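Everything on this sheet refers to the single structure shown next.
Keep in mind the model is a prediction, meaning the values are calculated, not measured. The sequence lines fix the lettering, A, B, ..., with proteins before strands; numbering per chain opens at 1.
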Protein chains: 2
Amino acid sequence: MRWNGSSRRAEVLQAAVDLLDEVGLDALTTRRLAARLGVQPGALYRHYPSKRALLDAVAERIVVETAPDTPPEGDWAEQLRQIAGSMRRGMLAHRDGARLMATLTVPGDAAVAAFQRLVDLLRRAGATPDAAVVGVDTVICYVNGFTIEEQARGGAPGERRDQGFAAGLELILHGIAARLLAKANDP
Amino acid sequence: MRWNGSSRRAEVLQAAVDLLDEVGLDALTTRRLAARLGVQPGALYRHYPSKRALLDAVAERIVVETAPDTPPEGDWAEQLRQIAGSMRRGMLAHRDGARLMATLTVPGDAAVAAFQRLVDLLRRAGATPDAAVVGVDTVICYVNGFTIEEQARGGAPGERRDQGFAAGLELILHGIAARLLAKANDP
DNA sequence: ACCTGAACACCGTTCAAGT
DNA sequence: ACCTGAACACCGTTCAAGT
């Protein structure tokens, strides 16, 4: 009953992440995963109750490792840029990473915490609670939608995509600044 | 070799759409579809070369029927609001509709045409070619990202979601107006 | 605690052969 | 033109039994 990465459960999870990167989400099969671990397929069910639960754990791990290593600097817009950028990079770092996120049923602790951190950021910048949620939701939906589409069409990684991503994000940041932060709002 | 909806191919497609709505994307199985058509599983392959191709056709049909029946009215922002709204409603109208779109490999004729119509709309409003693409991309990524997340968490349909969707869209429309349309831009 | 062996109820796909 | 029959190579999951 250890909490850290040395349990057998964590080895199964790590193997699943590796297998995802090698063969992709469609070929990520419990039987293939078992073979890679040198084990019978049924043995996996001692560690995860279902394939769905395993995939949820993989997604959660990607969210965790996606959180920026250094806390973001600058004003709220610059921080949002950095966080949005690392969300996109985190998903792109794994094969079918964005699509995997899209299949999740439940948000997961790490995702909820990340969401709350963004809401707090906009709150401190002067947004009302409702406005902060709208702003964060919009950024996150955009990042997810962009990255899913980006990863679906393979294509070269290229800085062309980076520019397109950044340009769209600027539109949203501009809208947040102009319509959500405390200025002259009619009630 | 007819083009219209009376071919056997079209019947298979219609049955697939109905089955999707009844059982969802994960349970949409070639064998279940064959059973519903009163046919052996292998018979489907006379009409579609693979399950992937069938799902692409289902997605394309949803895109087609999603195009607004009445051509949108009003200025560019109002037209964009209407089109974004019908894209979302079109996906919500079918079980797992948004997730199905996200799994598409190739855009398809109807989607490309819809994209082009939006680009033209922004061009007429004064955007450069690049700016028009950025604006349309941002709206589409937002709509897809929002709807995927909305449909993944079941929840009541509710107008709460409608308001959240509209509020985020306004941020983007504001950004387009302020940063992409011809005004005082530095070169 | 972790795994084996063996089974169950499914998949997508192919292809000769029928009508 | 459309479908059957039958097979092939897979799936996710369960569970008694072993160590």
What nucleotide, of dT4(D), dA16(D), dT14(D), holds the atom closest to the side chain of Gln40(B)? dT4(D)
Any idea which of dT4(C), dT13(D), dT13(C) is nearest the Val39(A) side chain? dT4(C)
Under a plain distance cut-off of 3.5 Å, with no hydrogens placed, do Gln79(A) and Asp75(A) share a side-chain donor-acceptor pair? no
Of Ser50(B) and Gly38(A), the one whose nearest nucleotide on DNA chain C sits closer to the 5' end is Gly38(A)
Counting neighbours of CG on Asp109(B) that are heavy atoms of other residues, nucleotides or ligands and sit closer than 6.0 Å, is the number greater than 12? no
Within this structure, what is the NE2-to-P distance between His47(A) and dT13(D), rounded to whole angstrom? 15 Å
Could you tell me whether Arg32(A) contacts a base, only the sugar-phosphate backbone, or nothing, with contacts defined as non-hydrogen atoms closer than 4.0 Å? sugar-phosphate
Base, sugar-phosphate, or nothing for Arg9(A), non-hydrogen atoms under 4.0 angstrom? nothing
What parts of residues 18-29 of chain A reach DNA chain D, counting only heavy atoms under 4.0 Å away? Thr29(A)
Specify the residue among Arg31(B) and Pro41(A) whose closest nucleotide of DNA chain D lies further upstream toward the 5′ end. Arg31(B)
Do Gln151(A) side-chain atoms and His94(A) backbone N/O form a donor-acceptor pair below 3.5 Å? yes
Row check, Phe146(A) ring normal vs Arg88(A) NZ/CZ: under 6.0 Å, within 45°: no
Residue-phosphate contact under 4.0 Å: Arg8(B) side-chain N/O, dC3(D) OP1/OP2: yes
